[in-house]
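Start at 1 and go down the list; that is how both ligands and their atoms are numbered.
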Amino acid sequence: MKVLKFGGTSVGSAENINKVISILDQQSKTTSIAVVVSAVGGITDKLLEAGSLACNKNLDYKNKYDIIWSLHNSIIDGLFPNTENDKALKKLQDNLQELISDKLNGLKSLLNGIYLINELSPKTKDKLLSFGEKLSSTIIYHTLRSRSVDVVLKNSQELIVTDSNFNNATVNFDQTDSNIQSFFNSNSSPIVLLPGFVSKSTSGEITTLGRGGSDYTAAIIAAAIEADELQIWTDVSGMFTTNPKLVKQASPIVELSYQEAVELSHFGAKVLYPPTVMPVLKKKIPIVIKNTLEPEAIGTTITKNITPNGNSPVKGISNIENVALLTLQGNGMVGVPGFSKRLFETLAQERINIILITQSSSEHTICFGISENDAERAKSAIDAVFLYEISLHKIDPIVVETDLSIIAVIGDKMKNHQGISGKMFSTLGKNNVNIRAIAQGASERNISAVIHKNDVKKALNSLHEQFFEIKTKQINLFITGVGNVGEKLIDQIKQQKAYVKEQFKINLRITGLSNSRNMVVNDDGINLKNWKQELDNGEKASLNGFLEHAKNLNLRNSVFVDITANKAVSNIYSDYLKQSISVVACNKIACSGDIEYYNELKALSRQYNASFLFETNVGAGLPVLDTLSHLITSGDKINTIQAVLSGSLNFIFNNFNAETTFYDVVKQAQEEGYTEPDPRIDLSGIDVARKILILARESGHQIELSELESDNFLTEKGLNSDSVDDFLATLKEDEAYYQSLFKSAQEKNSQLKFVAEFNDGKAKVGLKEIPEGHPFYNLKGKDNIVMFYTQRYPEQPLIIKGAGAGADVTASGLFADIIRIANN
Ligand code: ADP
Ligand code: ASP
Ligand code: MG
């Protein structure tokens with residue numbers, strides 16, 4: 001014999017009840033079955049809501065009642081379609097409707113009574129809640145009969161006997177087992193249908209077995225009749241590695257031990273009501289969790305002996321919501337026995353369930369987690385019990401923290417594996433999840449942590465990634481600035497996404513996009529095929545708004561990417577880093593501005609475990625800063641850096657000669673986009689100065705832009721010009737001077753290059769005549785070159801050379817920074 005339990009969704013619509021009926025039809029062919037059903041999905045909550053509205057004198061309870069009424073009647077309509085031409089069937093439907101109306105009238109009277117007396121005691125609440133399962137079982141029973149199925153309906157209240165602890169009654173197994181056994185011994189029908197959740201006290205009052213208790217009803221029956229199997233039919237395909245509603249990558253666990261199932265269910269895997277396991281465990285009856293909506297899926301089997309599958313020792317990750325953490329502390333507790341006894345006795349008297357306990361080894365504090373609903377009651381009771389000690393300041397009044405959740409990592413095999421807790425806590429730490437308390441059972445089957453409720457989704461996702469998807473790491477990008485370079489970066493991500501996922505197990509996702517006008521954020525990742533449209537339809541852009549989105553989404557591995565040249569954007573990096581969101585900047589302002597801010601960003605990056613990378617600040621996509629960082633972290637010392645770092649100035653001096661004019665060449669560079677729209681930024685050398693400043697700072701020197709020596713080659717007039725046009729005009733006027741620069745170099749068989757140098761703690765930039773044979777002499781086009789003379793490269797420098805400007809290479813430099821973060 002088998003016991004099958006169908007949950008709220010399984011019996012939540014006519015369509016699903018039809019699925020249930022075909023499952024019964026199939027299974028009853030080979031064995032006799034007991035079928036336990038829940039209330040129609042959502043009805044227990046609605047009954048509770050109606051009851052509390054009525055109790056609070058709120059007439060809206062009648063609306064709730066109407067909803068309950070129509071839900072059941074529409075299910076009946078759906079189960080008896082096309083009855084117009086079938087008189088017999090119509091009669092059966094009418095009979096059922098009448099029966100249900102009778103029951104619903106009973107419910108209505110009860111609600112009216114609650115309204116009148118303004119009271120909803122635990123006892124009345126159980127009477128109220130019992131309607132859900134009675135209605136659903138009646139509908140299913142009569143539907144089965146109308147389809148000529150051989151079935152009997154048995155009220156479980158006549159079988160399951162409990163104490164009078166209403167809302168969460170304790171079962172008297174002696175009486176219950178004998179009731180169940182004698183009923184089934186005398187039953188000859190192949191299918192027995194029973195309502196779940198409901199029971200009766202020894203004194204004959206209606207009780208219930210706790211929310212989710214229909215699972216328990218089924219387990220009690222299965223154990224009493226020593227069934228071959230207990231099947232829990234629900235709306236998901238088994239017990240998942242973690243709550244599938246919060247983690248998309250969660251997957252069903254094929255096999256679990258009883259203990260693992262107990263731990264997972266206790267820690268929030270709602271799919272199985274925790275007390276369910278005990279009765280069947282004693283009789284070694286396997287539990288199979290199956291999906292009514294997908295009966296072919298294999299589901300989860302819970303048994304005593306499971307075959308080791310060699311996978312992760314972690315089986316699942318669960319969470320419990322609405323937890324309060326209470327802390328009892330004080331010097332008076334140290335070395336004095338009996339405090340915990342009094343504390344926990346008080347909680348037991350108040351019937352408050354403790355979810356987790358930790359005590360510091362100094363015995364100075366005891367900290368425990370309970371349901372938030374019980375927190376106030378617990379505080380008053382405990383403060384009252386310790387009134388005397390509190391008045392003597394031996395202990396403090398109890399401290400209550402709310403808005404917390406517990407997450408737990410669970411698995412039988414964890415005790416044989418070192419480092420699980422290390423991995424768990426470092427994963428949480430890396431993702432900036434603050435841990436308020438930790439507990440590990442001596443069985444080492446469970447490691448739990450109390451965290452803020454807003455961090456639960458992030459914590460579950462990162463832990464799931466760590467223990468179950470070690471192979472893919474999701475990176476959430478928040479990109480601001482989608483001009484030339486931004487667009488190229490998005491193209492590169494689109495093009496490389498599949499490859500990076502396949503080869504490097506990195507799942508790159510653009511979660512937020514912003515330009516100066518609009519911004520768009522999507523938790524599931526922005527569709528890269530039509531991101532422009534999504535951005536155009538997005539909300540009005542705001543720097544703080546974008547930050548708030550990133551903060552609220554609270555996703556693991558978030559990276560803010562700044563592809564603007566805007567000071568206000570660079571000022572917000574610190575706020576991102578404080579949220580443990582990494583920053584990748586193309587924008588040079590933060591690193592070449594005030595040293596204090598640069599230092600602050602570096603410190604925040606360390607403190608919050610978030611990267612701050614800006615490779616493209618120097619030499620676009622060339623790995624200049626990365627190389628420098630490797631040299632320094634491996635213990636090398638930088639003696640001198642010499643570099644040509646301006647693609648624009650290179651272009652200009654490579655094309656300027658006796659046959660051209662300086663004006664024409666600058667104009668051409670400007671028109672071809674090699675200079676900034678205002679060419680003075682390049683020609684004054686300020687851009688190069690910023691780059692060598694960054695190199696100097698990254699080499700470990702605290703240096704400001706004002707300390708840089710800048711050997712300017714422009715004329716006074718040029719430098720002091722008021723506009724771009726004025727500036728260009730001065731170039732024409734001063735052509736003779738610029739030609740003299742060229743001639744001087746030519747006479748020495750040299751090339752003009754704008755060189756940046758860092759030596760002996762000092763940085764300078766200026767125009768130089770570079771003789772033939774020097775590595776800078778043959779630098780072509782927009783190429784950059786950087787030469788590092790170090791302790792390890794004292795004579796022959798380490799040279800990095802290549803295109804140092806252009807949207808494509810800059811975007812690939814950003815891409816490389818993002819991948820560095822992903823690999824971190
Ligand atoms: P039923 O009404 O069938 O008893 P429940 O709502 O009580 O169903 O339990 C099933 C739900 O449990 C799922 O829809 C899912 O949202 C939730 N759940 C939470 N954690 C887990 C988990 N680890 N595995 C499967 N389901 C889970
Ligand atoms: N209907 C009850 C509840 O919603 C029992 C159950 O469905 O298991 O809690
Ligand atoms: Mg349930």
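No side-chain donor-acceptor contact under 3.5 Å links Arg509 and Asn557. For the 3.5 Å distance criterion, the side chains of Ser203 and Ser201 qualify, holding a donor opposite an acceptor. Side-chain contact check for Asn56 and Tyr61: no donor-acceptor pair (N or O, by modelled atom type) lies under 3.5 Å. Using modelled atom types, one finds a donor on one side chain and an acceptor on the other under 3.5 Å when comparing Thr207 with Thr162. Under 3.5 Å, the side chains of Ser13 and Glu15 contain no donor-acceptor pair of N or O atoms. Side chains of Asn167 and Asp126: a donor on one and an acceptor on the other come within 3.5 Å.
An N or O contact shorter than 3.5 Å links Lys270 to ligand 1 by distance. Between Thr241 and ligand 1, no N or O atom pair is found at a separation short of 3.5 Å. Close N/O approach between Ser38 and ligand 1 is not found [any backbone or side-chain N/O within under 3.5 Å].
At the shortest separation from atom 23 (N) of ligand 1 among protein heavy atoms lies Phe240 O, 3.1 Å. Closest to atom 16 (O) of ligand 1, if we only count protein heavy atoms, is Lys245 NZ, 2.9 Å. The shortest contact between atom 26 (N) of ligand 1 and any protein heavy atom is with Val271 CB, 3.6 Å. Of all protein heavy atoms, the one lying nearest to atom 18 (N) of ligand 1 is Asn243 OD1, 3.8 Å. When hydrogens are left out, the protein atom nearest atom 27 (C) of ligand 1 is Pro244 CD, 3.7 Å; that is the closest non-hydrogen contact.
Arg445 and Asp412 are joined by a salt bridge, as a carboxylate oxygen and a charged side-chain nitrogen come within less than 4.0 angstrom of each other.
Nearest approach of Ser371 to Ile355, heavy atoms of both residues: N-CD1, 4.0 Å. Here the closest heavy-atom approach between residue Asp455 and residue Asn434 is recorded as OD2-N, 4.1 Å.
The contact set between ligand 1 and Met239, taken as ligand atoms under 4.0 Å from a residue heavy atom, comprises 24 (N). Contact atoms of ligand 1 toward Thr234: 1 (P), 3 (O), 8 (O), 10 (C) (distance under 4.0 Å to a heavy atom of the residue). Listed by atom number, the atoms of ligand 1 under 4.0 Å from Val236 heavy atoms are 13 (C), 14 (O), 25 (C), 26 (N). Each of the following atoms of ligand 1 lies closer than 4.0 Å to a heavy atom of Gly8: 1 (P), 2 (O), 3 (O).
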Ligand 2 N/O to protein N/O, distances under 3.5 Å:
from	atom 1	to	atom 2	distance (Å)
ligand 2	1 (N)	Thr44	OG1	2.7
ligand 2	1 (N)	Glu133	OE2	2.7
ligand 2	4 (O)	Thr44	OG1	3.2
ligand 2	4 (O)	Arg211	NH2	3.0
ligand 2	7 (O)	Ser38	OG	2.9
ligand 2	8 (O)	Gly212	O	3.3
ligand 2	8 (O)	Gly213	N	3.4
ligand 2	8 (O)	Ser214	N	3.0
ligand 2	8 (O)	Ser214	OG	3.2
ligand 2	9 (O)	Arg211	NE	2.6
ligand 2	9 (O)	Arg211	NH2	3.4
ligand 2	9 (O)	Gly212	N	2.8

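With a 4.5 Å cut-off on side-chain heavy atoms, Leu111 and Leu128 count as touching. Side-chain contact between Ile206 and Lys134: present, with at least one pair of heavy atoms (C-beta onward) separated by less than 4.5 Å.
The part of Lys5 lying near ligand 1 is the side chain, judged by heavy-atom distances below 4.0 Å.
Heavy-atom proximity to atom 11 (C) of ligand 1, evaluated over Asp235, Thr44, Ile253, Ile232, is greatest for Asp235. Across Ser318, Gly42, Ala269, Ser10, heavy-atom proximity to atom 20 (N) of ligand 1 is greatest for Ala269.
Listed for the Ser462 side chain is a donor-acceptor partner under 3.5 Å among the backbone atoms of Lys458.
Note that CD1 of Ile410 is 4.0 Å distant from CG of Leu264, once rounded to the nearest 0.5 Å.
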